[in-house]
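Here, residue 1 is the first one in the sequence, and each next residue gets the next number. Note that ligands are numbered from 1 as they come in the structure, with each ligand's atoms numbered from 1 the same way.
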Amino acid sequence: MLNKKVEKVLVEQIEKEGYSSNLYLAMASWAETKGLAGIAQWLFAQAEEERMHMLKFVDYVNERGGRAIIPGFDKPPTDFESVQSVFEKVYEHEQYVSKCINDIVGVCLEEKDFTTHNWIQWFVQEQIEEEASAQTLLDKLKLAGSGSLYLFDRDIMSMRGEATATE
Ligand code: FEO
(Lines give C-alpha, C1' and ligand atoms only; values in the text may rest on other atoms or scores of the structure.)
Protein backbone atom coordinates (compact mmCIF):
# COMPACT_ATOMS: atom_id res chain seq x y z
CA MET A 1 0.00 0.00 0.00
CA LEU A 2 1.28 3.40 -0.97
CA ASN A 3 2.35 5.70 1.84
CA LYS A 4 -0.12 8.62 2.04
CA LYS A 5 2.49 11.39 1.96
CA VAL A 6 4.19 9.77 -1.00
CA GLU A 7 0.83 9.34 -2.74
CA LYS A 8 0.09 13.04 -2.26
CA VAL A 9 3.30 14.22 -3.95
CA LEU A 10 2.93 11.68 -6.76
CA VAL A 11 -0.63 12.84 -7.46
CA GLU A 12 0.59 16.46 -7.47
CA GLN A 13 3.19 15.46 -10.05
CA ILE A 14 0.42 14.22 -12.39
CA GLU A 15 -0.68 17.85 -12.69
CA LYS A 16 2.88 19.07 -13.29
CA GLU A 17 3.58 16.57 -16.06
CA GLY A 18 0.20 17.23 -17.66
CA TYR A 19 0.79 20.99 -17.54
CA SER A 20 4.23 20.45 -19.10
CA SER A 21 2.58 18.56 -21.95
CA ASN A 22 0.09 21.39 -22.53
CA LEU A 23 2.81 24.03 -22.27
CA TYR A 24 4.87 22.33 -24.99
CA LEU A 25 1.74 21.80 -27.06
CA ALA A 26 1.03 25.54 -26.84
CA MET A 27 4.60 26.28 -27.92
CA ALA A 28 4.32 23.74 -30.76
CA SER A 29 1.15 25.32 -32.03
CA TRP A 30 2.72 28.79 -31.86
CA ALA A 31 5.77 27.58 -33.81
CA GLU A 32 3.61 25.86 -36.41
CA THR A 33 1.68 29.06 -37.11
CA LYS A 34 4.99 30.90 -37.52
CA GLY A 35 6.02 28.46 -40.27
CA LEU A 36 8.66 26.82 -38.06
CA ALA A 37 7.77 23.25 -38.94
CA GLY A 38 10.88 21.59 -37.46
CA ILE A 39 10.66 23.40 -34.15
CA ALA A 40 6.94 22.63 -34.01
CA GLN A 41 7.65 18.94 -34.62
CA TRP A 42 10.22 18.88 -31.80
CA LEU A 43 7.77 20.54 -29.42
CA PHE A 44 4.87 18.25 -30.42
CA ALA A 45 7.13 15.26 -29.70
CA GLN A 46 8.11 16.80 -26.37
CA ALA A 47 4.43 17.34 -25.47
CA GLU A 48 3.80 13.66 -26.21
CA GLU A 49 6.69 12.62 -23.94
CA GLU A 50 5.29 14.70 -21.10
CA ARG A 51 1.91 13.05 -21.56
CA MET A 52 3.64 9.67 -21.22
CA HIS A 53 5.30 10.93 -18.03
CA MET A 54 1.90 11.91 -16.66
CA LEU A 55 0.50 8.47 -17.49
CA LYS A 56 3.42 6.76 -15.75
CA PHE A 57 2.47 8.55 -12.52
CA VAL A 58 -1.22 7.65 -12.98
CA ASP A 59 -0.35 3.98 -13.56
CA TYR A 60 2.06 3.75 -10.66
CA VAL A 61 -0.24 5.37 -8.09
CA ASN A 62 -3.17 3.11 -9.04
CA GLU A 63 -1.04 -0.01 -9.28
CA ARG A 64 0.28 0.55 -5.76
CA GLY A 65 -3.19 0.84 -4.27
CA GLY A 66 -3.43 4.63 -4.28
CA ARG A 67 -5.83 6.73 -6.30
CA ALA A 68 -4.64 8.86 -9.20
CA ILE A 69 -6.85 11.95 -9.37
CA ILE A 70 -6.84 13.62 -12.78
CA PRO A 71 -6.63 17.38 -12.24
CA GLY A 72 -7.60 20.41 -14.28
CA PHE A 73 -4.73 22.32 -15.83
CA ASP A 74 -3.89 26.02 -15.93
CA LYS A 75 -4.03 27.55 -19.38
CA PRO A 76 -0.53 27.75 -20.82
CA PRO A 77 0.68 30.97 -22.48
CA THR A 78 -0.46 31.43 -26.08
CA ASP A 79 2.15 33.86 -27.34
CA PHE A 80 5.92 33.78 -27.23
CA GLU A 81 8.38 36.52 -27.99
CA SER A 82 10.83 34.49 -30.04
CA VAL A 83 12.22 31.01 -30.60
CA GLN A 84 14.99 31.81 -28.13
CA SER A 85 12.46 32.76 -25.45
CA VAL A 86 10.58 29.50 -26.11
CA PHE A 87 13.70 27.42 -25.45
CA GLU A 88 14.66 29.53 -22.45
CA LYS A 89 11.22 28.72 -21.05
CA VAL A 90 11.64 25.02 -21.86
CA TYR A 91 14.95 24.99 -20.01
CA GLU A 92 13.58 26.90 -17.00
CA HIS A 93 10.55 24.64 -16.90
CA GLU A 94 12.65 21.47 -16.98
CA GLN A 95 14.79 22.81 -14.12
CA TYR A 96 11.59 23.37 -12.16
CA VAL A 97 10.39 19.81 -12.92
CA SER A 98 13.77 18.42 -11.82
CA LYS A 99 13.33 20.20 -8.51
CA CYS A 100 9.86 18.68 -8.12
CA ILE A 101 11.23 15.19 -8.83
CA ASN A 102 14.04 15.73 -6.32
CA ASP A 103 11.47 16.80 -3.73
CA ILE A 104 9.61 13.51 -4.34
CA VAL A 105 12.87 11.62 -3.82
CA GLY A 106 13.22 13.49 -0.51
CA VAL A 107 9.71 12.48 0.63
CA CYS A 108 10.38 8.83 -0.34
CA LEU A 109 13.48 8.84 1.85
CA GLU A 110 11.76 10.58 4.77
CA GLU A 111 8.93 8.04 4.62
CA LYS A 112 11.30 5.13 3.96
CA ASP A 113 9.36 4.22 0.81
CA PHE A 114 12.24 2.53 -0.97
CA THR A 115 9.99 0.98 -3.62
CA THR A 116 8.86 4.38 -4.89
CA HIS A 117 12.38 5.69 -4.39
CA ASN A 118 13.57 3.01 -6.76
CA TRP A 119 10.74 3.64 -9.24
CA ILE A 120 11.32 7.41 -9.36
CA GLN A 121 14.98 6.99 -10.35
CA TRP A 122 13.84 6.68 -13.99
CA PHE A 123 12.57 10.27 -13.70
CA VAL A 124 15.77 11.45 -12.01
CA GLN A 125 17.70 10.19 -15.04
CA GLU A 126 15.12 11.52 -17.48
CA GLN A 127 15.42 15.01 -15.98
CA ILE A 128 19.19 14.99 -16.49
CA GLU A 129 18.55 14.23 -20.16
CA GLU A 130 15.75 16.76 -20.58
CA GLU A 131 17.77 19.58 -19.05
CA ALA A 132 20.80 18.66 -21.16
CA SER A 133 18.79 18.58 -24.35
CA ALA A 134 17.16 21.97 -23.66
CA GLN A 135 20.55 23.45 -22.84
CA THR A 136 22.11 22.02 -26.02
CA LEU A 137 19.37 23.57 -28.14
CA LEU A 138 19.77 26.93 -26.41
CA ASP A 139 23.53 26.85 -26.99
CA LYS A 140 23.04 26.01 -30.67
CA LEU A 141 20.50 28.79 -31.04
CA LYS A 142 22.85 31.32 -29.48
CA LEU A 143 25.69 30.17 -31.72
CA ALA A 144 23.52 30.27 -34.81
CA GLY A 145 22.09 33.73 -34.14
CA SER A 146 18.71 34.73 -35.49
CA GLY A 147 19.98 34.81 -39.10
CA SER A 148 20.24 31.03 -39.14
CA LEU A 149 16.81 30.20 -37.80
CA TYR A 150 16.04 28.44 -41.06
CA LEU A 151 18.90 25.98 -40.53
CA PHE A 152 18.05 25.53 -36.86
CA ASP A 153 14.45 24.75 -37.80
CA ARG A 154 15.60 22.32 -40.49
CA ASP A 155 18.03 20.46 -38.21
CA ILE A 156 16.35 20.49 -34.80
CA MET A 157 14.81 17.00 -35.07
CA SER A 158 18.21 15.50 -35.82
CA MET A 159 19.49 17.10 -32.59
CA ARG A 160 16.88 15.19 -30.59
CA GLY A 161 18.70 13.04 -28.08
CA GLU A 162 22.06 14.42 -29.20
CA ALA A 163 22.88 15.75 -25.74
CA THR A 164 22.71 12.28 -24.25
CA ALA A 165 24.10 10.41 -27.24
CA THR A 166 27.38 12.30 -26.90
CA GLU A 167 27.68 11.85 -23.12
FE1 FEO B 1 8.32 15.23 -17.52
FE2 FEO B 1 10.17 17.15 -18.91
O3 FEO B 1 9.50 16.57 -17.35
Which pairs of donor and acceptor atoms, one on a side chain in residues 45-52, lie under 3.5 Å apart (sequence neighbours left out)?
unit_1 : atom_1 : unit_2 : atom_2 : d
Gln46  : OE1    : Arg160 : NH1    : 3.2
Gln46  : OE1    : Arg160 : NH2    : 3.1
Gln46  : NE2    : Glu130 : OE2    : 2.9
Glu49  : OE2    : Arg160 : NH2    : 3.0
Glu50  : OE1    : His53  : ND1    : 3.0

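Checked against a 6.0 Å centroid threshold, the rings of Phe152 and Trp42 do not count as neighbours.
Residues satisfying the salt bridge (charged side-chain N to carboxylate O under 4.0 Å, His left out) test with Asp139, not counting sequence neighbours, are none.
For residues 21-35, the set of pairs meeting the side chain to side chain donor-acceptor pair (under 3.5 Å) definition, not counting sequence neighbours, comprises Tyr24-Glu94.
Between Glu7 and Lys4, at least one side-chain nitrogen of the basic residue sits less than 4.0 Å from a carboxylate oxygen of the acidic one, meeting the salt-bridge criterion.
Lys140 places none of its side-chain heavy atoms less than 4.5 Å from the side chain of Leu143.
Screening the protein for N, O or S atoms under 2.8 Å from atom 2 (Fe) of ligand 1 yields 4; no waters enter the count.
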